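What you see is a predicted model, and the numbers here were worked out from it, not measured in a lab.
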Amino acid sequence: MDRQQPFPSCSLSNAASSLFYFLRFSLLLLDLEEYYFEQHTAYHVTSDAKQRRTRGSLKVCSRSIIFDPEDLGEPILKIPLRDCQKIKFEETEKNPFIKPKPPVISVSCKQVIFIKESNIIAPYQNERGPKTLNFELESWSKTEDVVQTFLQLHRASCLEKLGDQTAMIAANLQSRLARTSFDKNCFQSVVEKPHMECSAEMVLPLVCNPGHVCVTDQSLYFQPLNGYPEHVIQIKLHRIRRIYKRRHGLRPLGLEVFCTENDFCSDIYLKFYLPTDRDDIYYYIASFLENHMTEHTAESYMLQWQRGHLSNYQYLLHLNNLADRSCNDLSQYPVFPWVVSDYTSSQLDLANAATFRDLSKPVGALNKERLDGLLARYRGMPEPRFMYGSHYSSPGYILFYLVRVAPEHMLCLQNGRYDHADRMFNSIGDTWKNCLEGATDFKELIPEFYGNDSSFLENGMKLDLGKRQNGALVGDVLLPPWASDARDFLQKHKEALESQFVSEHLNEWIDLVFGFKQRGSEAVAAQNVFHPLTYEGGVDCDSIKDTDQRIAMLTQILEFGQTPKQLFTSPHPQRIIPRFQNNTRSSSISSPTSELAPGSLCEDSSFEDLTEESRKMAWANMESLERISSHKIHKESVTGIAATRDGASIFSTSQDSTLKMFSKELKEFQRSMSFSNMPLSSCLMLPEGKTAVCSSWDNNVYFYSIPYGRRQHTLMGHDDAVTKMCWFEDRLFTASWDSTVKIWECASISSSSHRRSQFELLAELEHDAGVNAVSMNPAGTLLVSGCKDGTVTIWDTSSYRSLQQVFCHTGTIHHLAFSPDSRHVLSVGADSFMKVTDVQTGMVISSVKAEEEQRCFCWDGNTVLCGGQSGDLLLWDLLSNTVTKRIPAHSGVVTAMWMNDLCNTVITGGDDRQIIFWRLQS
């Protein structure tokens, strides 16, 4: 089927819009929470002298009788059942000598509502006073049954309590659903195997349509009980790209299915009667799609957005989806921010910060004078207190913006009336001004303001929306001077959303709407407190025993608007804005992602640009990595790899307690050094290229002079095994299982003295568990450590102060490293997870469960080359959380990895005692 468009006139082509215009009957003609059960071809027979017979469709609805005539010039008749005084079955006497007359359904009522006379969408016309309407069914035999149905529904509508009415109608609906089932003749294939069938409702804005859901091994089907708008709706499972569980009516009953990645209109939204039915179908479809669909989290989308792979618009759509916002649910419609504050200038200056709204504040706090009054009221208010008496998103606000393309929705919401002409959406500038100054107007925008369809700003349907006090008719929306027409407005508005200013500050608005400033003390501090009923979990409607009170409470919540589900509980990171940086690096790190000071080779910025471009090309081509040679030079597992600046000599450490020196040119190892009988855990090369440094399980660090071929210094610095090391500008950072990282200032290593006083202890960083991994950012300003208890800690290397402590993994951390731009830290652990932590906020923004435990890696911020338990090298795309290439490598666990500065040469070591040389194909 085609995607279910919530507002067809806004979203479909002109032809489709015209078709929609002539399909007069709509579920929107029903009252809110009303059901359409069945229809019968019938004649409306007038009781005047002419006795006109008008053919049409008589529709049985839960709270009304609707007659839709075939003649488009005639109005649709709606008779509320509560206004009916008598409904009776009239049958003429049977006489064999007289031609039989059809039985009549006679409805006596005190009000009839006339809708769409001459097929024009307009406010409903109510005619009050005693009336009798007669209907004859084309199928005479069904007349008595239809009358009995009307009488039953009439009794329900006349019950005194709303709760009793609702319960009786619900019983009627469930009885109808129980007497019917999904028609399996609708299967598209004779070999389809049904998995599950249950009752549900298809949800569209303001309306629900009951029916039967059936999921097979090939398709998801929905068959409406009333056959409207079509007999059956089918979605092939292999086309599904996203599937979300939803709250509907504050209960976990909704399921929304998308067959596209970035569209905010879904293909179907279903509401189930039982959470178990919803969950069973969700898990069945999710299991089917495991190999067809990538499951995204808020954190994974955040990483894509930060790295520039998602636009601001796309990112906000994804966050809205994850926060239960749906274009099919007007009480939870996607919410977008006002970003522009200038609606008076002739030119829109996106380079001027004054052009933009302050995204760090909610709309209600943008005007200080108004805010002061609201805060004064807030302080004097009894608990539960709130600052704003209305919400930033509600059904009324949504239709305020969309009335020109969704007039029937507005009429449905407002009992057949438009709002007063002066309160309509007449001007963008005036609407913004009212949001700043109005006592109760705090609304934000909707996605349409940043889309491609400008029809919601134009009265293309020539609707009579009323006359304003100044005598002007409500027509197209008045645009700001800087927009030549509606399309130009949308184009410039989109540019504003994607501008540098908004990209730098959008995280502040996300904190308010989806993040840590949404609730609690942070919300109070940010002047961002709304009525308690708007928050998820603010009230448990099921716990309210009185049915009338429960329905009233639910109606109030749905009409008032709902705050999105909270997605983040810590500050949202900023977007990474590309800027030119000439960062030279002079650090040497025992982690595989680092190499020796490439920046010192040349200070010329053009060289730096060329090097950076070479790195990008190398990572883009990483799938072409091929094995050059392999060498078994150790007797136990390889633990560390380092290389001289020219790459001619390779050094490796092993659990066999030896440091080996291997000649790349001669393809043979040249030296073997042993410092103790304990395993060596890592090695690095000092910047001057003459000294190799090894850490050992015997608690010591050894300095080996390459020119002299001997141990030069021994640093006895820890009370347990030294696990990893980093070096930066004469400072050595050593990590140990004694739960510390120590920072040492080292005098000239070239001195022949063996005095321990050459190593001055500058700081000792305490941890709660043994430290298994340590790494430094390229600038040497940040250090990150990973412990056996799974904790990641980020340190400032100038103050030795802890900046972030994140409980990241459930087991030992094997390896971690900063991204090249120092924004993120990637860590891998014994729990088989790969996690990306944002340095600025400490938030884990990506969490990927690998098929196997990963032990070491190199990465560029987006792509990871890692080695794990199987011995293979895996190339991971963190943005899609998928393995893009598996490269056979070692016969045991990959334990060490080194990559050169240009990222085109890799050396790996493993449990199989081998080192393997790899190079990218040209």
Peer 1: For the residue pair Glu853 / Ser832, report whether a side-chain donor-acceptor contact shorter than 3.5 Å exists.
Peer 2: no
Peer 1: What's the verdict on side chain to side chain donor-acceptor pair (under 3.5 Å) for Thr180 and His212, showing C-alpha distance, side-chain angles and the deciding distance?
Peer 2: CA-CA 9 Å; Thr180 57; His212 297 281; 2.7 Å; yes
Peer 1: Would you say Asn621 and Ser624 are linked by a side-chain donor-acceptor pair, where the criterion is simply a distance under 3.5 Å?
Peer 2: yes
Peer 1: Under a 3.5 Å cutoff, is there a donor and acceptor pairing between the side chains of Asn862 and Asp877?
Peer 2: no
Peer 1: Closest heavy-atom contact between Tyr392 and Pro564?
Peer 2: OH-CD, 3.0 Å
Peer 1: Is the Lys NZ or Arg CZ of Arg242 less than 6.0 Å from the centre of Phe258's six-membered ring, within 45° of the axis?
Peer 2: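 Yes; both conditions hold, so Arg242 lies above the ring face of Phe258.
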Peer 1: Answer yes if the side chains of Ser331 and Gln562 hold a donor-acceptor pair under 3.5 Å, and no otherwise.
Peer 2: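 There is such a pair (donor and acceptor under 3.5 Å, judged by atom type) between the side chains of Ser331 and Gln562.
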Peer 1: Does the gap between the ring centers of Tyr244 and Tyr282 come in under 6.0 Å?
Peer 2: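 Ring centres of Tyr282 and Tyr244 not closer than 6.0 Å.
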Peer 1: I'd like to know whether Glu256 forms a salt bridge (charged side-chain N to carboxylate O under 4.0 Å, His left out) with Arg325, so could you lay out the CA-CA distance, the side-chain angles of the two residues, the decisive distance to 0.1 Å, and finally the verdict.
Peer 2: CA-CA 10 Å; Glu256 192 160 24; Arg325 314 300 283 190; over 6 Å; no
Peer 1: For a quick check under 3.5 Å, do Gln491 and Glu495 share a side-chain donor-acceptor pair by atom type?
Peer 2: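 Yes, Glu495 and Gln491 have a side-chain donor paired with an acceptor closer than 3.5 Å.
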Peer 1: Determine whether the side chains of Thr216 and Glu192 contain a donor N or O and an acceptor N or O closer than 3.5 Å.
Peer 2: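 On atom types as modelled, these side chains qualify, holding a pair under 3.5 Å.
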Peer 1: Taking the six-membered ring for Trp, is the centroid-to-centroid distance between Phe182 and Phe222 below 6.0 Å?
Peer 2: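 No, the ring of Phe182 stays outside the 6.0 Å limit from the ring of Phe222, centre to centre.
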Peer 1: Check the orientation of Trp338 and Phe449. Use parallel for under 30°, tilted for 30 to 60°, and perpendicular for over 60°.
Peer 2: tilted
Peer 1: Minimum heavy-atom separation for Ala200 and Val213, please, with both atom names.
Peer 2: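 That closest heavy-atom pairing would be CB-CG2, 3.6 Å.
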Peer 1: As a quick check of understanding, evaluate side chain to side chain contact (heavy atoms under 4.5 Å, CB included) for Leu874 and Lys885, giving each step before the final call.
Peer 2: CA-CA 6 Å; Leu874 302 180; Lys885 184 73 178 288; over 6 Å; no
Peer 1: Between Arg575 and Asn312, is a side chain to side chain donor-acceptor pair (under 3.5 Å) present by the stated rule, with each step listed?
Peer 2: CA-CA 9 Å; Arg575 192 171 197 181; Asn312 293 338; 2.8 Å; yes
Peer 1: Does the pair Tyr36 and Phe25 meet the rule for a ring pair (Phe, Tyr, Trp, His ring centres under 6.0 Å), with working shown?
Peer 2: CA-CA 11 Å; Tyr36 164 37; Phe25 175 75; 5.1 Å; yes
Peer 1: Between CG of Leu413 and CZ of Phe400, what distance do you get to the nearest 0.5 Å?
Peer 2: 14.0 Å
Peer 1: Looking at Leu72, is its backbone amide N or carbonyl O close enough to the side chain of Asn119 to form a donor-acceptor pair, meaning the two atoms are under 3.5 Å apart?
Peer 2: no
Peer 1: How about CD on Gln869, more than 12 heavy atoms from neighbouring residues, nucleotides or ligands closer than 6.0 Å, or not?
Peer 2: yes
Peer 1: Please walk me through it: do Asn185 and Asp183 pass side chain to side chain donor-acceptor pair (under 3.5 Å)?
Peer 2: CA-CA 5 Å; Asn185 291 320; Asp183 181 2; 3.3 Å; yes
Peer 1: Do other residues, nucleotides or ligands put more than 12 heavy atoms under 6.0 Å from the CE atom of Met617?
Peer 2: no
Peer 1: Please identify each residue that fulfils side chain to side chain contact (heavy atoms under 4.5 Å, CB included) with Asp485, with sequence neighbours left out.
Peer 2: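 Partners of Asp485 by the side chain to side chain contact (heavy atoms under 4.5 Å, CB included) criterion, ordered by chain and then number, come out as Arg487, Asp488.
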Peer 1: Please check: side-chain N/O of Ser219 versus main-chain N/O of Tyr221, any donor-acceptor pairing under 3.5 Å?
Peer 2: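 Answer holds: no.
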Peer 1: Might you work through the side chain to side chain donor-acceptor pair (under 3.5 Å) test for Ser300 and Ser846, ending with a clear yes or no?
Peer 2: CA-CA 5 Å; Ser300 66; Ser846 180; over 6 Å; no
Peer 1: Hey, are Arg176 and Glu38 close enough for a salt bridge, meaning a charged N less than 4.0 Å from a carboxylate O?
Peer 2: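 Salt bridge present between Arg176 and Glu38.
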Peer 1: Does NZ or CZ of Lys565 lie under 6.0 Å from the centre of the six-membered ring of Phe514, at an angle within 45° of the ring axis?
Peer 2: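 No - Lys565 does not lie over the ring of Phe514 by the 6.0 Å and 45° rule.
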Peer 1: Regarding Lys835 and Thr837, do their side chains bring together a donor and an acceptor under 3.5 Å, going by distance alone?
Peer 2: no
Peer 1: How close do Ile446 and Tyr401 get, heavy atom to heavy atom, and via which atoms?
Peer 2: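 Closest heavy-atom pair between Ile446 and Tyr401: CD1-CB, 3.7 Å.
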Peer 1: Roughly how far, to the nearest 0.5 Å, is OG of Ser870 from CZ of Arg886?
Peer 2: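 Answer for the CZ-OG pair, Arg886 versus Ser870, is 5.0 Å.
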Peer 1: Tell me the closest heavy-atom pair linking Leu490 and Gly451, and the distance in Å.
Peer 2: CD1-O, 3.6 Å
Peer 1: Enter the distance from Leu270:CG to Leu255:CG here, rounded to the nearest 0.5 Å.
Peer 2: 6.0 Å
Peer 1: Does Glu851 CD have over 12 foreign heavy atoms under 6.0 Å away?
Peer 2: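 Check fails, neighbour count at 12 or below.
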Peer 1: Just jot down the side-chain hydrogen bond (donor to acceptor under 3.5 Å, both in side chains) partners of Tyr315, sequence neighbours excluded, or say none.
Peer 2: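 In terms of side-chain hydrogen bond (donor to acceptor under 3.5 Å, both in side chains), with neighbours along the sequence ignored, Tyr315 is linked to His572.
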Peer 1: Under 3.5 Å, is there a donor-acceptor pair linking the side chains of His824 and Arg307?
Peer 2: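 A pair is found: one side chain offers a donor N or O, the other an acceptor, under 3.5 Å apart.
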Peer 1: Starting from the C-alpha separation in whole Å, work towards a yes-or-no answer on side chain to side chain contact (heavy atoms under 4.5 Å, CB included) for Arg241 and Cys259.
Peer 2: CA-CA 5 Å; Arg241 290 293 169 266; Cys259 294; 5.5 Å; no
Peer 1: Evaluate whether atom NZ of Lys616 has more than 12 neighbouring non-hydrogen atoms of other residues, nucleotides or ligands under 6.0 angstrom away.
Peer 2: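 Open: at most 12 neighbouring heavy atoms sit under 6.0 Å from NZ of Lys616.
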Peer 1: Which heavy atom of Gly254 sits nearest to which heavy atom of Tyr269, and what is that distance?
Peer 2: CA-CE2, 4.0 Å
Peer 1: Using salt bridge (Lys or Arg N to Asp or Glu O under 4.0 Å) as the criterion, point out the one residue from Arg251, Lys245, Arg247 that pairs with Asp324.
Peer 2: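 Answer after filtering Arg251, Lys245, Arg247: Arg247.
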Peer 1: Using the test ring pair (Phe, Tyr, Trp, His ring centres under 6.0 Å), find all partners of His195 that sit at least two apart in sequence or belong to another chain.
Peer 2: Tyr284
Peer 1: What's the shortest heavy-atom distance between Leu28 and Pro205, and which atoms?
Peer 2: CD2-O, 3.8 Å
Peer 1: Less than 4.0 Å between a side-chain N and a carboxylate O, is that true for Lys271 and Glu201?
Peer 2: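 Result for this pair is yes, salt bridge flagged.
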Peer 1: Do Asn172 and Ser62 meet the criterion of a side-chain donor-acceptor pair at a distance under 3.5 Å?
Peer 2: no
Peer 1: Got a second to check how far Leu875's CG is from Leu865's CG, nearest 0.5 Å?
Peer 2: 6.0 Å
Peer 1: Consider only side-chain N and O atoms of His40 and Ser57, and report whether a donor and an acceptor are under 3.5 Å apart.
Peer 2: no
Peer 1: Kindly compute the distance separating OG (Ser570) from CG (Asp511), expressed to the nearest 0.5 Å.
Peer 2: 8.5 Å
Peer 1: What about the rings of Tyr397 and Tyr333, do their centers lie closer together than 6.0 Å?
Peer 2: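 No, too far apart.
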Peer 1: Please round to the nearest 0.5 Å and tell me the distance separating atom CZ of Phe568 and atom CD of Glu299.
Peer 2: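 That separation rounds to 6.0 Å.
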Peer 1: Show your reasoning for whether salt bridge (charged side-chain N to carboxylate O under 4.0 Å, His left out) applies to Arg63 and Glu34.
Peer 2: CA-CA 6 Å; Arg63 298 182 188 274; Glu34 183 176 9; over 6 Å; no
Peer 1: Can a cation-pi geometry be assigned to Lys494 and Tyr450, taking NZ or CZ under 6.0 Å from the six-membered ring centre and within 45° of the ring axis?
Peer 2: no
Peer 1: Using the salt bridge (charged side-chain N to carboxylate O under 4.0 Å, His left out) rule, take Arg823 and Asp838 through it: C-alpha gap first, then chi angles, then the decisive distance, then the call.
Peer 2: CA-CA 6 Å; Arg823 301 278 190 134; Asp838 183 78; over 6 Å; no
